[in-house]
Amino acid sequence: MPTDAQLTDDEYRKLRETITSAIWDELDPLEQRIEDEERIPYDIVLPVLRRCGAFGLLVPRRFGGSGLSIARYLPIIAEFAKIQGGIRVLVHVHNSFAHALSEIGDPAQQAALLPGAATGERSLAFALTEPDHGSGADLGTVARRDGDGYVLDGRKWLITNSDIASHFMVFAKTAPGAVSALLVERGAPGLTIEPLPETMGCKGGEHGLLTLDGVRVAAPALVGREGQGQEHLERALEISRVFIAASSLGTAERSLELSLRHAQSRVTFGRPIAERQAVQRYLAEMAIDVYALRGMLADAAAKWDAGGRIPAESSMVKQFGLEAVGRVTDRALLVHGGIGYTRRHPVERLYRDARLNWLEEGTPTIQYLVTARELVAGYAFADAFDGAA
Ligand SMILES: Cc1cc2nc3c(=O)[nH]c(=O)nc-3n(C[C@H](O)[C@H](O)[C@H](O)COP(=O)(O)OP(=O)(O)OC[C@H]3O[C@@H](n4cnc5c(N)ncnc54)[C@H](O)[C@@H]3O)c2cc1C
């Protein structure tokens with residue numbers, strides 16, 4: 001696969017500055033509106049995301065994206081995880097899919113989809129989860145060979161960006177035990193998309209129900225080879241789990257920052273609560289989680305960027321990240337007292353938003369399963385800590 005030159009440090013710094021200002025000056029002010037209306041105002045949000053380059057972060061430069069390394073992408077998705085969660089999810093799913101396609105798509109699929117993905121003209125979604133079956137080899141959606149193409153039947157749900165996606169990467173069985181990935185265009189005859197009820201946190205986006213009723217796609221819609229879907233899935237989820245861990249980091253960092261500020265300004269019994277040892281312990285515990293998560297993320301990113309596979313690391317950091325953000329957002333509520341429980345305070349939202357991190361890219365039992373599988377298969381904890389990052 002051809003590789004592109006990386007952005008220079010200066011170009012990367014400018015991109016970070018542009019995105020950071022878009023996040024805080026243009027997107028963060030929409031928080032209450034999105035939380036109240038439970039809808040992302042796409043007419044405002046999509047142009048901002050397009051303008052600041054948020055859709056092309058992981059798209060290779062030859063297709064018009066920024067082609068960031070994972071180490072450079074993680075701080076950006078972490079920054080998105082500090083503001084209203086529905087926006088973070090939209091950006092995450094799009095970039096994750098674009099990254100997967102840039103790794104597993106064939107040249108024709110990449111040329112057809114990635115330039116539009118880089119600008120955000122094309123919006124992408126990932127359709128794996130089903131109402132009637134488990135994920136992976138248990139899938140109930142089938143893709144039958146039919147002449148020079150496939151016919152798909154089945155149901156998918158909780159599919160993020162289902163209201164805006166131009167294309168869905170649908171995982172379906174092409175033979176007993178064989179999973180394949182196929183690209184289905186929005187508007188394909190036989191594809192219907194219905195909204196599902198609003199979520200607890202990360203509000204405003206749509207995570208809809210897709211019904212595929214005899215949806216016909218041509219052979220070039222197949223991603224990779226027939227039966228290669230499980231392999232694709234594992235590769236895509238491996239790095240996407242690291243993205244979720246980075247999202248946990250961003251939410252935890254914001255919760256800590258707000259808690260520290262609140263503890264220094266809230267005075268009870270004549271002293272700021274930050275001077276009370278019991279409150280200091282909450283703050284210190286939050287900082288420990290943030291610090292540990294940063295270290296794990298740096299290690300996972302460095303290994304991936306060096307060309308390694310990281311199934312164990314990605315599941316471990318994803319699991320640690322959700323536990324860490326769970327503890328940190330819980331302590332943020334404790335530090336804030338009653339006001340933190342009200343709808344007008346960001347820690348209430350951060351607490352709800354964080355909860356999605358338990359589900360995205362697999363639940364905890366799946367992360368334990370992958371980590372243990374790798375350990376039993378000989379994952380090298382033997383290459384002991386040598387002091388290097
Ligand atoms: C807001 C939101 C957005 C989402 N976006 C997407 C998306 O864009 N695309 C997509 O495909 N999916 C998406 N999902 C779905 C999400 O990835 C799944 O909900 C999640 O992976 C859990 O799968 P499930 O809902 O089928 O739960 P289940 O598989 O039914 O799990 C229920 C419980 O059983 C446990 N369990 C299930 N099977 C096993 C097993 N074999 N061994 C041990 N324990 C097991 C689970 O850990 C869990 O505790 C989204 C979900 C939400 C809430």
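Every heavy atom of this structure was used, including side-chain atoms; hydrogens, water molecules and symmetry mates were not. Counting starts at 1 for both ligands and their atoms, in listed order.
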Restricting to pairs with a member in residues 149-162, which pass salt bridge (Lys or Arg N to Asp or Glu O under 4.0 Å), not counting sequence neighbours?
-> Glu130-Lys156, Asp132-Arg155, Arg144-Asp153
Can you find a protein heavy atom under 4.0 Å from atom 42 (N) of ligand 1?
-> no
Sub-4.0 Å atoms of ligand 1 with respect to non-hydrogen atoms of Ile159 | 7 (C), 8 (O), 9 (N), 10 (C), 11 (O)
Quick one: does NZ or CZ of Arg72 land under 6.0 Å from the six-membered ring centre of Tyr12, within 45 degrees of the ring axis?
-> yes
Would you kindly specify which portion of Leu356 sits under 4.0 Å from ligand 1, judged on non-hydrogen atoms: side chain, backbone, both or neither?
-> side chain
Donor-acceptor contact present, side-chain Ser21 to main-chain Glu17, <3.5 Å | yes
So is Thr129 polar-close to ligand 1, meaning N/O to N/O under 3.5 Å?
-> yes
Interatomic distance, His207 atom NE2 to Glu198 atom CD [nearest 0.5 angstrom] = 6.5 Å
Does Thr160, backbone or side chain, put an N or O under 3.5 Å from an N or O of ligand 1?
-> yes
Taking every non-hydrogen atom, the tightest pair across Val48 and Ala22 | CG1-CB, 3.9 Å
Distance flag for atom 11 (O) of ligand 1, protein heavy atom under 4.0 Å = yes
How far is atom 36 (N) of ligand 1 from its nearest protein heavy atom, and which residue and atom is that?
-> Thr365 OG1, 3.9 Å
Is_contact(atom 5 (N) of ligand 1), protein non-hydrogen, under 4.0 Å | yes
Grab the two heavy atoms, one from Val59 and one from Ala98, that are nearest each other, plus how far apart they are.
-> CG2-CB, 3.8 Å
Considering all heavy atoms of both residues, which atom of Ala172 and which atom of Leu182 are nearest to each other, and what is their separation?
-> CB-CD1, 4.3 Å
Identify which of Leu233, Leu128, Leu359 has a heavy atom lying nearest to atom 21 (O) of ligand 1.
-> Leu359
Distance only, no hydrogens: is a donor on one side chain within 3.5 Å (strictly under) of an acceptor on the other, for His262 and Glu257?
-> no
Can you establish whether the number of heavy atoms outside Arg281 located under 6.0 Å from its atom CZ is more than 12?
-> no
Kindly confirm or rule out an N or O of Glu360 lying under 3.5 angstrom from an N or O of ligand 1.
-> no
Closest non-hydrogen atom pair between Val347 and His336, with its separation = CG1-CE1, 3.5 Å
Please check atom 32 (C) of ligand 1 for a protein heavy-atom neighbour under 4.0 Å.
-> no
Answer yes or no: are there more than 12 heavy-atom neighbours, outside Ile339 itself, under 6.0 Å from its atom CD1?
-> no
What residue and heavy atom of the protein are closest to atom 22 (C) of ligand 1, and at what distance?
-> Thr363 CG2, 3.7 Å
Identify the closest protein heavy atom to atom 13 (C) of ligand 1: which residue and atom is it, and at what distance?
-> Leu158 O, 3.0 Å
Atom 9 (N) of ligand 1 has as its nearest protein heavy atom Phe126 O, 2.7 Å
Identify the closest protein heavy atom to atom 40 (C) of ligand 1: which residue and atom is it, and at what distance?
-> Ile366 CD1, 4.4 Å
So, for atom 28 (P) of ligand 1, does the protein have a heavy atom nearer than 4.0 Å?
-> no
Ala71 to Pro75 - nearest heavy-atom pair and separation | O-CD, 3.1 Å
Quick one: does Val93 get a heavy atom under 4.0 Å from ligand 1?
-> no
Take atom 38 (N) of ligand 1 and look for protein heavy atoms under 4.0 Å from it; say yes if you find one, no if not.
-> no
Answer yes or no for atom 47 (O) of ligand 1: protein heavy atom present at a distance under 4.0 Å?
-> yes
